[in-house]
Number of protein chains: 2
Amino acid sequence: MRTLSPPVGLPALADADLVGQVARLLTQAVVEGRLAPGSKVVEAGIARELGVSRAPVREAARLLEQQGLLVASPRRGFFVRKFAADDIDDIYDLRLCVERHAAVLAARNLTPETRDMLRRQIDVLHQTADLEDPARQVEEDYRFHRLICEIAANRRLLRLFDDLASEMRMVIGLIGRLYDDPHEIARTHEPVLAAIEQGHPERIVAHIDYHIGHAWREVGKLVREIPA
Amino acid sequence: MRTLSPPVGLPALADADLVGQVARLLTQAVVEGRLAPGSKVVEAGIARELGVSRAPVREAARLLEQQGLLVASPRRGFFVRKFAADDIDDIYDLRLCVERHAAVLAARNLTPETRDMLRRQIDVLHQTADLEDPARQVEEDYRFHRLICEIAANRRLLRLFDDLASEMRMVIGLIGRLYDDPHEIARTHEPVLAAIEQGHPERIVAHIDYHIGHAWREVGKLVREIPA
DNA sequence: TAATCGTCGATTGTCGACAGTTTAGTCTTG
DNA sequence: CAAGACTAAACTGTCGACAATCGACGATTA
C-alpha cells in the first residue's frame, strides 16, 4: 500500500524555524515603525522579549541586514536602516532596470495562461481598491510586478525583485500612506500588460518607465516631505 | 591647544573579524575546487579544522549562502552550490541587464577623471595579459566592469554587481581555464569605453551586449562541456 | 574651561554543551 | 535478493556563559 504522502498543496506547516519567525517579527516591528530608523537593535533585548536565546536573533538580524532592513556595525551591533532620498533613488533606479528587463523577457515567454494570470491580478487590484486597506493594496501591487518577474523565468532576477520589494516595503511603511486613489493605480497597470501582450520591446520599456517612474516620483516626494 | 589627532594615514588595522576570515577561506576552498559542488559543508568539521567554534563558521556560511556559493537545507546543513547551465544563463542574463544600465548611467556621469580611470584599467588589462596569470586576468577584467558600476553612482547596483561577480568567480573557478587570448579580451573592452564616451544609449547597449554576450557564450560552452 | 584620560556598566563575539533530527549502516522479512 | 524496519553515529538548532570591547560619564590636567 502506498502511504507515501500524495502531495496536497499544504503550506509546509508553519515552521518551527525560529530564525524565520524572529526575522518576520523584526521585519514587522521595523515596517510598522515600532523600531525607529537609526535606533539600535539589541540582541539580548530582542531575545529576552521573545523568550529565545541570542543565537537565532543574531542570525535573523544578519538576514535582515542582507535584505537591507538593518545595517551592522562591527562590535557595535545592528541598527535600523535610515533611508535618505539618495537611497530611494538608488532603489527605484535599480527597480526600473530590473523590471524593464523582466517585462521584455515576460513578453517573449508569454502564454495564454500567464497572460490570464496577469489579467486576473489586475482584477484583484481593482477589487482590493474597494477595501480601504492600503497595506493589502501595496502587497497586491507587488504581486503583479512579481508575476512579471516569474514569467520572465530567471530565478536570480526574481530573487533580486524580492529583495528590492522588501526594501520598498520598509520605505512605504515609514511613509505610512501612499496612494490617493487605489483605483487609479489599478488602472495604470493595464497599459503595461497591453504593451507586454503586443510585444514591442520599446513600447514595453516606455510603459514600464512611465508606471514605475510615477511611483518613484510619488515616493520620492513623500520621503522628501517627511525627512528623518 | 588643538591636539585632536591629526589624521595620519594608518591602514585601519587588519580586522580580527573571524567571520570574514572564515568566509574568505571557505570561498577560496570552493573556488579552488577543494570543496566539490554538491558536497556537504559540515560546520563542526570546518570549525575544528580552523580551530574556532561553530558560531563564526555558521555565520560565514550564511553569508556565502546569500552570495550564492552555498545553499542551505534546513536541518540538513550547507552544501556547495551546483551550477547547471540554467544558472549560468540566469546569472549572465541578469549581468547583462545590470551592466547595460550601469554603462548608460556611467556615460551620463562621465568626467575626464573617471574616463581616465577606465582608460587606465584597460592598460592594466593589457599589461596583465603578459603575466600568464588567468586568475589575475579575470580579476582585472571584473575591476573594469566594476568601475563602470562605480561611475554609475548607484550603491545598490554596485552591491548587486559584486554579488554577481562572486557567483561568476565560482563558475570560472569550476571551469578552471577561461580565455584563450588575454590580449584579445583586453582589446574587446575598448569599443565599450568608446561607446560610453560617445554617449548614445543605443550604441552603449549594443557594445555591452556584444562584449558580455561573448563571455556568456564562452562560459556557457565550457559549462556544457564539463557538466556536473 | 575645554580637551583628554580612566573607569564602569552594557553589549557583542565566541565558546562548549545538550536535545532533537537526519543519515548511514545493519538486520529482518517477504 | 530486494525492500522495509531498526539502531547508532553524526550533525544541526538552540542555549547559557565568559571574555573582549564599546560608549558614557566623571576625574584630571593644562
Side-chain angles (χ1 to χ4, degrees), chain A residues 1-6 10 12-26 29-30 35-36 38-66 69-82, chain B residues 1-8 10 12-26 29-30 35-36 38-66 69-82:
Chain A
M1 176 170 105
R2 288 181 57 84
T3 47
L4 233 160
S5 69
L10 290 180
L13 183 53
D15 36 4
D17 165 28
L18 269 193
V19 176
Q21 286 181 267
V22 174
R24 229 165 303 148
L25 290 175
L26 274 180
V30 169
L35 281 170
S39 65
K40 189 157 161 39
V41 178
V42 179
E43 297 175 11
I46 307 294
R48 229 192 342 269
E49 198 163 338
L50 298 179
V52 299
S53 80
R54 279 175 49 212
V57 175
R58 232 179 126 75
E59 288 201 26
R62 278 236 122 101
L63 224 70
L64 299 193
E65 188 204 352
Q66 272 294 328
L69 295 193
L70 302 182
V71 292
S73 181
R75 307 213 171 266
R76 293 176 9 89
F78 294 92
F79 299 81
V80 179
R81 177 161 171 201
K82 270 178 170 168
Chain B
M1 178 172 103
R2 288 183 57 84
T3 46
L4 233 161
S5 70
V8 190
L10 290 180
L13 186 51
D15 39 3
D17 166 27
L18 268 193
V19 175
Q21 286 181 268
V22 174
R24 229 166 303 150
L25 289 174
L26 273 180
V30 168
L35 280 170
S39 65
K40 191 160 160 34
V41 177
V42 179
E43 296 175 11
I46 306 293
R48 212 173 321 120
E49 196 162 339
L50 298 180
V52 299
S53 80
R54 280 175 49 213
V57 175
R58 230 179 130 73
E59 286 201 26
R62 278 237 123 100
L63 225 69
L64 299 192
E65 188 204 352
Q66 273 294 329
L69 295 193
L70 303 182
V71 292
S73 180
R75 305 211 168 267
R76 293 177 8 91
F78 293 92
F79 299 81
V80 180
R81 176 161 170 200
K82 270 178 168 167

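Chain letters run A, B, ... following the sequence lines, proteins first, then strands; residues in each count from 1.
- C:dT22 atom P lies 12 Å from atom CZ of B:F79, rounded to whole Å.
- The footprint of chain B on DNA chain D, defined by a heavy-atom cutoff below 4.0 Å, extends from D:dC11 to D:dT14.
- What you find for A:E65 and A:V71 is that their closest heavy atoms are CG-CA, 4.3 Å.
- Rounded to whole angstrom, the span from the CZ atom of A:R75 across to the C1' atom of C:dA10 amounts to 15 Å.
- Nucleic acid contact for A:V22: none, since no nucleic acid atom lies under 4.0 Å from a heavy atom of the residue.
- For B:L64, the side-chain contact (heavy atoms from CB on, under 4.5 Å) partners two or more places apart in sequence, or in a different chain, are B:A23, B:L26, B:T27, B:Q67, B:L69, B:L70.
- Taking atom CG of residue B:L18 and atom C1' of nucleotide C:dT14, one finds them 8 Å apart after rounding to whole Å.
- Within residues 45-58 of chain A, the residues approached by DNA chain C to less than 4.0 Å at the level of any non-hydrogen atom are A:R54, A:R58, in residue-number order.
- To the nearest 0.5 Å, atoms CD (A:E49) and CD1 (A:I46) are separated by 6.0 Å.
- Scored by the side-chain contact (heavy atoms from CB on, under 4.5 Å) test, B:A36 finds B:S39 as partners (sequence neighbours excluded).
- Considering only residues two or more places apart in sequence or on other chains, A:R76 meets the side-chain contact (heavy atoms from CB on, under 4.5 Å) condition with A:S73, A:F79.
- Residues forming a side-chain hydrogen bond (donor to acceptor under 3.5 Å, both in side chains) with A:R48 (at least two apart in sequence, or on another chain): none.
- For B:L25, the side-chain contact (heavy atoms from CB on, under 4.5 Å) partners at least two apart in sequence or on another chain are B:Q28, B:L50.
- Under the side-chain hydrogen bond (donor to acceptor under 3.5 Å, both in side chains) criterion, B:E59 pairs with A:R58, A:R62, not counting sequence neighbours.
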